Structures are given as C-alpha cells and as structure tokens.
Amino acid sequence: LTQLFRPLDMLGMVYRTIRQGLIDMAAMFKLMDEPQEVADAPGAPALVIRQPAVVFDNVTFGYDPDRTILHGLTLEIAAGSKVAIVGPSGAGKSTIARLLFRFYDPQGGRILIDGQDIRLVTQISLRAALGIVPQDSVLFNDTIGYNIAYGRDGADLSDVEAAARAAALMPLIERLPKGFETEVGERGLKLSGGEKQRVAIARTLVKNPPIVLFDEATSALDTRTEQDILSTMRGLAEQRTTISIAHRLSTIADSDRIFVLDQGRLVESGGHLELLRRDGLYAEMWNRQAAEQGDLSEAAE
Ligand code: ATP
C-alpha cells in the first residue's frame with residue numbers, strides 16, 4: 001500500500017493528507033478495490049467546525065439500486081458526545097461510517113456536520129475533520145516515531161511524545177534501545193495488536209480531529225488489554241465527538257447515547273440502563289453477550 005502512494009510524496013502536503021485518509025479508511029473499511037464514487041461540488045467551500053455535531057437526517061442508501069440498506073435513518077449526535085452504534089451483523093453500522101466519510105452519497109436525506117451538508121464541502125476538509133481508530137491499524141515500514149507523527153504534517157518530537165504518553169506507549173518506547181527511532185512493521189519490530197492500536201490512537205491524537213470514529217477498536221484484544229486501551233480511549237474522547245461502532249457491548253455501555261440498528265433502521269436509542277429497562281433488542285444482545293462471557297469464564301476455570 002505504501003509503495004502504491006510513494007510517488008505522491010513529491011506532491012506535498014495535500015496529497016499527504018489524502019494519502020493518510022485513504023490508508024486509514026482502507027484499513028477500516030477494507031475498501032481499496034471499491035471505486036470512489038463521489039466528487040467535490042464545483043467551488044465547494046471547506047467544512048468549518050465550531051461544534052462537531054453530526055446529524056443523519058432521514059438518510060436512505062443502498063449500494064445497489066435494487067437493495068436499500070439504510071431506510072430513512074435519522075441519528076442526532078450532539079457535539080462533544082460519546083455515542084455508539086450497535087446492532088446485529090449486516091444492520092448497516094459500517095455503512096453509516098462509510099457515508100460519514102463520504103465514500104458514497106445517500107440516495108435520500110442528508111448528512112450534516114455542524115449544520116453543513118457533507119456533500120457541499122470539500123472532501124479534503126471533511127476527512128481532515130475525521131479521525132479513525134481502525135480495527136487493524138496499518139503501520140508503515142518506518143520508525144515508530146514516523147508512524148505517530150504521520151497523523152499531522154509538521155508534527156514535531158514534542159507532539160509525538162505527548163501523544164505517545166497519552167496513548168500509554170511510553171513504557172514500550174522506553175524499553176526500546178532506539179526509542180522512537182525503532183523501525184516497526186514487516187521489516188522491523190513486530191507490534192502486538194494492542195500496541196498497534198495504541199499507535200493508531202497516538203496518531204489520531206497528533207491529528208487532533210474534532211470527530212473520531214472507533215471501529216470496534218478493541219475487538220482483537222484480551223480483556224486486560226481491552227480495559228487498558230479503553231481508558232486510553234477515554235482520554236482521546238475528551239472534548240471530541242466520538243462514534244464507536246461496536247460488537248462487544250461491554251466496551252460501550254458508558255456511552256452518552258447508544259443507537260441500536262436493525263436491518264438499516266434505528267430501532268432503539270438511549271443510555272445503557274434505559275435500553276436495558278426497555279427490554280428490547282439491546283437488552284437481548286446484552287444478555288446474550290453476558291451469558292457468553294459467563295460461559296467463557298467458566299471454561300477458563
Ligand atoms: P457487521 O456487524 O457484520 O460488520 P454492519 O452492521 O457493519 O455488519 P454493513 O457492513 O454496514 O453492516 O452492511 C450492511 C449491508 O450492506 C449488508 O447486508 C452487506 O451485505 C451490505 N453491503 C456492505 N458493503 C457492501 C458493498 N460494498 N456492496 C454491496 N453491499 C454491501
């Protein structure tokens with residue numbers, strides 16, 4: 001992937017931003033073989049964010065004309081809130097993320113960030129406002145410092161250090177003889193899933209976007225690492241709007257609001273306790289996962 005975009009280096013910062021967007025999104029959505037279907041509107045202005053609120057306003061979308069995936073979906077995500085999108089497999093969770101990044105345009109309705117229709121602003125400004133912590137982070141065959149600094153052009157060592165500290169990467173870096181200069185990736189040090197995710201979190205901290213999307217950021221991790229990463233993510237979430245796409249409900253129970261999707265429709269939304277009391281789809285998913293966890297801990301004993 002890096003080879004593919006290497007020639008763009010010469011063209012400077014704009015392409016660097018696009019490249020990062022592509023690589024992060026490719027990692028998140030595994031979308032490299034999908035066509036880019038959208039273009040900037042002529043004379044489109046940049047997205048300007050004062051309050052990073054996100055609204056899906058009656059959005060209807062299908063990848064193919066004969067199959068609607070999202071059916072008039074309305075989601076209101078308050079600026080600075082921490083929300084989660086949950087639901088059974090195929091409910092449309094990743095589709096929502098793809099639409100927010102404007103990989104596709106909806107066939108009906110609008111998506112607004114701070115009141116601006118994302119179809120009417122430049123894609124580069126849209127993607128600069130969005131951070132991703134993907135499930136499988138892509139690391140470059142370069143130093144760990146480079147991999148963190150990559151979040152923003154012009155990031156210096158103090159930015160990288162601050163981000164690494166906040167992402168709880170310092171214990172690892174201090175153990176390495178070459179510190180931030182250690183080569184990672186295929187040709188260098190192999191990092192564990194949790195360490196890679198911390199690099200992704202640090203990279204996002206350096207980028208400092210007002211809106212962050214977590215793609216089931218903890219799925220590949222054991223429970224203890226998951227708890228550690230969760231507390232790191234809480235730091236990342238401060239002052240930002242964060243949207244988590246989650247399978248494991250234990251990771252998102254403290255969200256300000258949880259949107260429960262089923263077959264492309266919003267079927268419930270609210271806080272964790274409120275949704276448990278409702279005794280609907282969320283409660284059913286929660287109880288099932290709790291039972292599975294019980295089985296797992298019994299099996300471990
Ligand atoms: P999971 O929890 O399994 O990741 P999800 O809720 O994220 O699922 P989506 O990936 O948004 O679900 O998929 C919603 C529906 O859209 C599914 O039926 C899926 O088959 C379909 N779909 C997803 N991507 C494409 C695509 N590129 N082209 C056509 N259909 C797609």
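Given the structure is predicted, the values throughout are model-derived calculations rather than measurements. In this chain, numbering begins with 1 at the start of the sequence shown. No hydrogens, no waters, no symmetry mates; every other heavy atom, side chains included, goes into these values. Order of appearance sets the numbers: ligands from 1, and atoms from 1 within every ligand.
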Subject >> Best match, Thr68, Asp262, Thr95: closest heavy atom to atom 9 (P) of ligand 1 >> reply: Thr95

Original post:
Ala91 to ligand 1: N or O pair under 3.5 Å?
Top reply: yes

Original post:
With atoms numbered from 1 as shown, which atoms in ligand 1 lie under 4.0 angstrom from a non-hydrogen atom of Ile69?
Top reply: 14 (C), 15 (C), 16 (O), 21 (C)

Original post:
Is atom CD of Gln107 surrounded by more than 12 heavy atoms (other residues, nucleotides or ligands) closer than 6.0 Å?
Top reply: yes

**OP:** May I ask whether Gly90 has any heavy atom positioned less than 4.0 angstrom from an atom of ligand 1?
**Re:** yes

Subject >> Sidechain N-carboxylate O distance under 4.0 Å for Arg278, Glu274 >> reply: no

**OP:** Report yes if Gly92 has an N/O atom closer than 3.5 Å to an N/O atom of ligand 1; otherwise report no.
**Re:** yes

Subject >> Under 3.5 Å: N/O of Asp64 near N/O of ligand 1 >> reply: no

Original post:
Just checking, Arg127 and Phe103: is the charged tip under 6.0 Å from the six-membered ring centre and within 45° of the axis?
Top reply: yes

**OP:** From the options Phe61, Tyr63, Tyr104, select the one whose nearest heavy atom is closest to atom 22 (N) of ligand 1.
**Re:** Tyr63

Subject >> Nearest candidate to atom 2 (O) of ligand 1, where distance is taken over non-hydrogen atoms, out of Arg98, Gln263, Lys93 >> reply: Lys93

Subject >> Salt bridge flag under 4.0 Å for residues Arg265 and Asp262 >> reply: no

Original post:
Between His71 and Gln263, is any pair of side-chain heavy atoms under 4.5 Å apart?
Top reply: no

Original post:
Side chains of Val199 and Leu169: does their closest heavy-atom pair fall under 4.5 Å?
Top reply: yes

